[in-house]
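So that the names make sense, note that chain A is the first sequence line, chain B the second, and so on, each numbered from 1.
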There are 2 protein chains.
Amino acid sequence: MKIEEEIKQTAFRNEYHKAYINLLYTSNFLQQEHGSMLKPFGITSPQFNVLRILRGQYPKPATVSLLIERMLDKTSNASRIVDKLEAKELVTRKQCPNDRRTVDVLITEKGLDLLKQLDALDNDNKSGGIYNLTEDETRELNRMLDKIRD
Amino acid sequence: MKIEEEIKQTAFRNEYHKAYINLLYTSNFLQQEHGSMLKPFGITSPQFNVLRILRGQYPKPATVSLLIERMLDKTSNASRIVDKLEAKELVTRKQCPNDRRTVDVLITEKGLDLLKQLDALDNDNKSGGIYNLTEDETRELNRMLDKIRD
DNA sequence: TGCAAATATATGTACATACATTTAATGTAC
DNA sequence: GTACATTAAATGTATGTACATATATTTGCA
C-alpha cells in the first residue's frame with residue numbers, strides 16, 4: 001500500500017518529506033513484524049540484538065561497552081537489557097578480574113539454543129518485507145541509506 | 001559512513017540483511033536528529049506528530065481514533081500523548097456531545113504558534129539527511145519502501 | 001606517591017511503546 | 001425494550017529510550 005493510504009494523508013509538502021515519513025513508517029512496520037515473531041519466544045527485539053552480538057563473540061565474553069558500540073540504537077540502555085537477559089538465564093554476567101570496572105557478559109547454552117531456533121525460522125521466511133525487492137534494488141537502497149546519513 | 005563501519009560489523013549474511021539493518025539504523029538516526037531539534041521547544045517527536053495532525057484538521061477538532069489512524073506508529077498510545085500536550089496547553093480536550101464516548105481534541109493558539117516557529121526552522125534546514133538524495137533518488141526510495149510493505 | 005581526569009557500568013526520571021484490560025456509551029438483535 | 005456485542009477512550013504493566021547523574025575503578029601526570 002502506498003504511504004499516502006497507510007497514514008491517510010493525501011498530500012505531502014514534497015517528495016523529500018514523503019520519503020522521510022515513508023522511511024520512518026516502513027522501519028516501524030518491519031520492527032513490529034519482527035517483534036511479533038519474537039514474542040512467542042519471550043524476548044524483545046533489542047534483547048534479540050544483544051544476544052546476536054554475544055553469539056558473534058562466543059566463546060569470548062563481551063563488555064557492556066562493546067554491546068553499546070554495536071547496537072543499532074546507540075543510546076539505548078545496554079545494562080538494563082542485559083538485566084532482562086540475565087533474569088531469563090540467557091546470559092551470564094561477572095566482573096572482569098583484569099579491569100574491575102568492566103563486566104564480562106557471556107551468552108549461555110540456553111541463549112545459543114534459543115538463537116538456533118530463531119535461525120531456523122528466519123531461513124523459512126525469505127519472502128515478504130525486504131525480500132520483496134530484487135537484489136539490485138537492495139544494493140541501491142543500501143547506497144541511498146548510506147548517503148542519507150553522510 | 002557505510003553501515004558496516006557504523007555498527008562495526010564487517011560482514012552481513014547477504015545484501016538483504018544489510019539493507020534491513022541499514023533501514024532500521026537510518027530511521028533511528030533521523031529520528032534522533034529530529035528529536036534533538038525539538039528538545040529546546042519542550043516537545044517530543046510523537047507529540048509533534050500529533051500536533052501536526054491537529055493542525056491539519058484545524059479549526060475542526062479530531063477524535064483520538066483519528067489521531068491513531070494517522071499516526072506513524074499505529075500502536076502507540078494516543079491518549080497519553082494528548083495528556084502531555086494538554087498539560088502544556090497546546091491542545092484542549094472535551095467530550096463530544098453527539099457521541100459521548102468520543103473526545104474532541106483541538107489544537108490551541110499556543111499550539112499553532114509553536115508549530116509556526118518549527119516550520120520556520122524546517123525551511124532553513126533543507127540540507128543534510130534526506131536532502132542528500134537527488135529528487136529522482138527520492139522517488140525511487142519511495143517506490144522501494146512501498147514495495148517492502150506490500 | 002597522591003590526586004584529578006577519564007572510563008565502565010549502573011541508577012534515576014520522564015516519556016513512549018506494546019499489549020491486555022477496564023469503563024462507559026452506543027448499536028443491534030430478538 | 002432489554003441483552004449482548006461493538007466501539008471509544010482510558011488505564012495498568014512490562015519494557016525500552018533518552019538523558020542526566022552516581023559510583024567504582026583505573027590511568028596519567030605533577
query: Between the main-chain N or O of L90(B) and the side-chain N or O of T108(B), is there a donor-acceptor pair closer than 3.5 Å?
result: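 Between the backbone of L90(B) and the side chain of T108(B) there is a qualifying donor-acceptor contact (under 3.5 Å).
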field: Sidechain-backbone polar pair: Y16(B) side chain, L133(A) backbone, donor-acceptor under 3.5 Å
entry: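 At least one qualifying donor-acceptor pair exists.
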Reckon [X] has a side-chain N or O less than 4.0 Å from the OP1 or OP2 of [N]?
X       : N       : result
T44(A)  : dG16(D) : yes
R100(B) : dT26(C) : yes
Q47(A)  : dG16(D) : yes
S76(A)  : dG16(D) : no

Look at the side chain of [X] and decide which nucleotide, out of [options], has an atom nearest to it.
X       : options                   : value
K84(A)  : dG16(D), dA18(D), dA16(C) : dG16(D)
T63(B)  : dA10(C), dA9(D), dT11(D)  : dA9(D)
V103(B) : dT9(C), dA9(D), dT11(D)   : dA9(D)
P46(B)  : dC19(D), dT17(C), dA18(C) : dT17(C)

task: For side chain to side chain donor-acceptor pair (under 3.5 Å), just list the numbers for S36(A) and Q32(A), CA-CA rounded to whole Å, side-chain angles, deciding distance to a tenth of an Å, and then say yes or no.
output: CA-CA 6 Å; S36(A) 18; Q32(A) 270 176 45; over 6 Å; no
Using a heavy-atom cut-off of 4.0 Å across all strands, would you classify [X] as base, sugar-phosphate, or nothing?
X      : answer
D99(A) : sugar-phosphate
N98(B) : sugar-phosphate
D73(A) : sugar-phosphate

Electrostatic pair K110(A):D113(A) at N-O distance under 4.0 angstrom: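 Looking at D113(A) together with K110(A), the answer is no, because their closest N to O distance does not fall below 4.0 Å.
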query: Can K116(B) and D119(B) be counted as an ion pair, charged N to O under 4.0 angstrom?
result: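 Salt bridge absent between K116(B) and D119(B).
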- request: Whole angstrom is fine here: how far is it from CG in L24(B) over to C1' in dT17(D)?
  value: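 Rounded to the whole Å, the gap is 15 Å.
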query: Tell me: NZ of K74(B) to P of dA18(C), nearest whole Å?
result: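 In whole Å, dA18(C) P lies 13 Å from K74(B) NZ.
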Position toward the 5' end of DNA chain C (nearest nucleotide), I81(B) or V82(A):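 Looking at the nearest nucleotide for each, V82(A) comes out on the 5' side.
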task: Could you check N28(A) against S79(A) and say which one's nearest nucleotide on DNA chain C is further toward the 5' end?
output: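 Residue closer to the 5' terminus by nearest nucleotide: S79(A).
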Under-3.5 Å donor-acceptor pair between R80(A) side chain and dG12(C) base: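 Result: at least one qualifying N/O pair found.
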task: Answer with yes or no whether R101(A) presents, from its side chain, a donor or acceptor under 3.5 Å of a partner atom in the base of dT9(C).
output: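 Not at all, since no donor on one side and acceptor on the other fall under 3.5 Å apart.
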